[in-house]
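A short worksheet on the structure shown next.
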There are 2 protein chains.
Amino acid sequence: MSTESNHLRKAGLKVTLPRMKILEMLENSETRHLSAEDVYKSLLESGEEIGLATVYRVLTQFETAGLVARHHFEGGHSMFELNEGDHHDHILCVKCGRVDEFMDETIEKRQRQIAQDAGYEITDHSLYIYGICPDCRGKA
Amino acid sequence: MSTESNHLRKAGLKVTLPRMKILEMLENSETRHLSAEDVYKSLLESGEEIGLATVYRVLTQFETAGLVARHHFEGGHSMFELNEGDHHDHILCVKCGRVDEFMDETIEKRQRQIAQDAGYEITDHSLYIYGICPDCRGKA
DNA sequence: ACTACGGATGCAAAAGCTTCTCATTATTAT
DNA sequence: ATAATAATGAGAAGCTTTTGCATCCGTAGT
């Protein structure tokens, strides 16, 4: 029994071909951050028969199940990332779209404090730093 | 000469009725955070003749001119806020949509450090804390 | 004030992303 | 294997936002 199917079972999801393929795609992706369209196109190129609607449905289910995180980067469309290991935030390049990750306990702590001071019960947070990455800075 | 028209002139924009009205709307809004649709509907209710396309166009121009900031809160559509005074971040209620603001120099400093460490030239950043506000926490 | 020019507006249509509908197909428990 | 039930694919629909175009308005020069 593969690791993927176990993940699906644990999440209370039936083990189907599309779900397996999408999970694999997320695991093997180099960038780790994919849009629904990215996943869809890659699967088509791999010769899979899949509908875009299914990709969206499955990704949403994965999000609900906690398997993936959905990010709303600038530009409107959602990006999905496999949830493995610890929480982290993102720093992204506005020129080439590169995405790096970081984690800062000082910031995390301050956020919790700020929410508490404001009387909020914190449920989530998102921090994106935008900039020009090392590679793009060179190219004028 | 009104304050609004000066703002527009400084931004290199012609002083037109729609632009004036939208600027007033942003200045007088209680919540300070409005979607394009919000602005459009409010202006219609005030008896103004305006098109939704114009609202979007003008808000984008205002953003380019630095008069307003555009935020991408969860849920897909953009929110616009008048740029007055200093930078700040947002904490919002996932139940009622309430938006509060905060500013934390510790976090700002850490962000700059993180960008520098990663070799990025920082251009922008966005931090949203999501939670349940004091009012909504009471209501079970 | 008057005119002419160029930019601004409104409407409708279009575009882009995401969700929904529904007939068909696949998965699971029996 | 079979029946019950959930998942899928294809296209239509929904929403926010943008664009094309004819018309209108602000502005600068007279």
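Each chain gets a letter, A, B and so on, in the order its sequence line appears, and its residues count up from 1.
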Protein and nucleotides 1-4 of chain C: nitrogen or oxygen contacts under 3.5 angstrom:
none

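More than 12 heavy atoms of other residues, nucleotides or ligands lie within 6.0 Å of CD in B:Glu24, so this atom counts as buried by the packing criterion.
Computed from coordinates, the A:Met20 CE to C:dA26 C1' distance equals 15 Å when rounded to whole Å. For the pair B:Tyr56 OH and C:dG10 C1', the computed distance is 16 Å after rounding to whole Å. Straight-line distance from the NE2 atom of A:His77 to the P atom of D:dT18: 15 Å, rounded to whole Å. Going from atom CE of B:Met79 over to atom C1' of D:dT17 covers 16 Å, rounded to whole Å. If you take CZ of B:Arg70 and C1' of D:dT18, they are 11 Å apart, rounded to a whole angstrom. In this structure, the CZ atom of B:Phe80 is 9 Å from the C1' atom of D:dT17, given to the nearest Å. Across the protein-nucleic acid pair, A:Glu63 atom CD and C:dT19 atom C1' stand 14 Å apart, rounded to whole Å. Residue B:Arg19 contributes atom CZ, which lies 8 Å from atom C1' of C:dG7 at whole-angstrom precision.
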**OP:** Kindly determine whether A:Asp124 and B:Tyr128 satisfy side chain to side chain donor-acceptor pair (under 3.5 Å), including the steps that lead there.
**Re:** CA-CA 9 Å; A:Asp124 196 11; B:Tyr128 304 124; over 6 Å; no
Subject >> Test log, rule side chain to side chain donor-acceptor pair (under 3.5 Å), inputs A:Ser35 and A:Asp38 >> reply: CA-CA 5 Å; A:Ser35 68; A:Asp38 291 336; 3.0 Å; yes
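Not counting sequence neighbours, the partners of A:Asp104 by the salt bridge (Lys or Arg N to Asp or Glu O under 4.0 Å) test are B:Arg110. For B:Glu101, the side-chain contact (heavy atoms from CB on, under 4.5 Å) criterion is met by B:Arg32, B:His33, B:Glu81, B:His88, B:His90, not counting sequence neighbours.
Here the side chain of A:Ser46 pairs a donor or acceptor atom with the backbone of A:Ser42 at under 3.5 angstrom. At distances below 3.5 Å, not a single donor-acceptor pair connects side-chain atoms of A:Thr54 with backbone N or O atoms of A:Ile50. Judged by distance alone, with hydrogens and angles left aside, the side-chain atoms of A:Ser5 form a donor-acceptor pair with the main-chain N or O of A:Ser2 at under 3.5 Å. Checking side-chain atoms of B:Asp89 against main-chain N and O of B:Phe102 turns up no donor-acceptor pair under 3.5 Å. No donor-acceptor distance shorter than 3.5 angstrom exists from the side chain of B:Arg9 to the backbone of B:Lys14, with no hydrogens or angles considered.
Taking hydrophobic clusters as Ile, Leu, Val, Met, Phe, Trp and Tyr residues chained together by side-chain heavy-atom distances below 4.5 Å, B:Phe80 does not share a cluster with B:Phe73.
Contacts between residues 33-55 of chain A and DNA chain C, defined by a heavy-atom separation below 4.0 Å, involve A:Leu52, A:Ala53, listed by number.
Across the helix from C:dA1-D:dT30 to C:dT30-D:dA1, the helix axis at one end is tilted relative to the axis at the other end by 40° (nearest 10 degrees, each axis from five pairs).
The shortest side-chain heavy-atom distance between A:His7 and A:Leu23 falls under the 4.5 Å cut-off.
A:Arg112 and A:Glu105 are joined by a salt bridge, as a carboxylate oxygen and a charged side-chain nitrogen come within less than 4.0 angstrom of each other.
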**OP:** Classify every nucleotide of nucleotides 21-30 of chain D by which part a protein heavy atom approaches to under 4.0 Å, writing B for the base, S for the sugar-phosphate alone and - for neither, in 5'-to-3' order.
**Re:** -----SS---
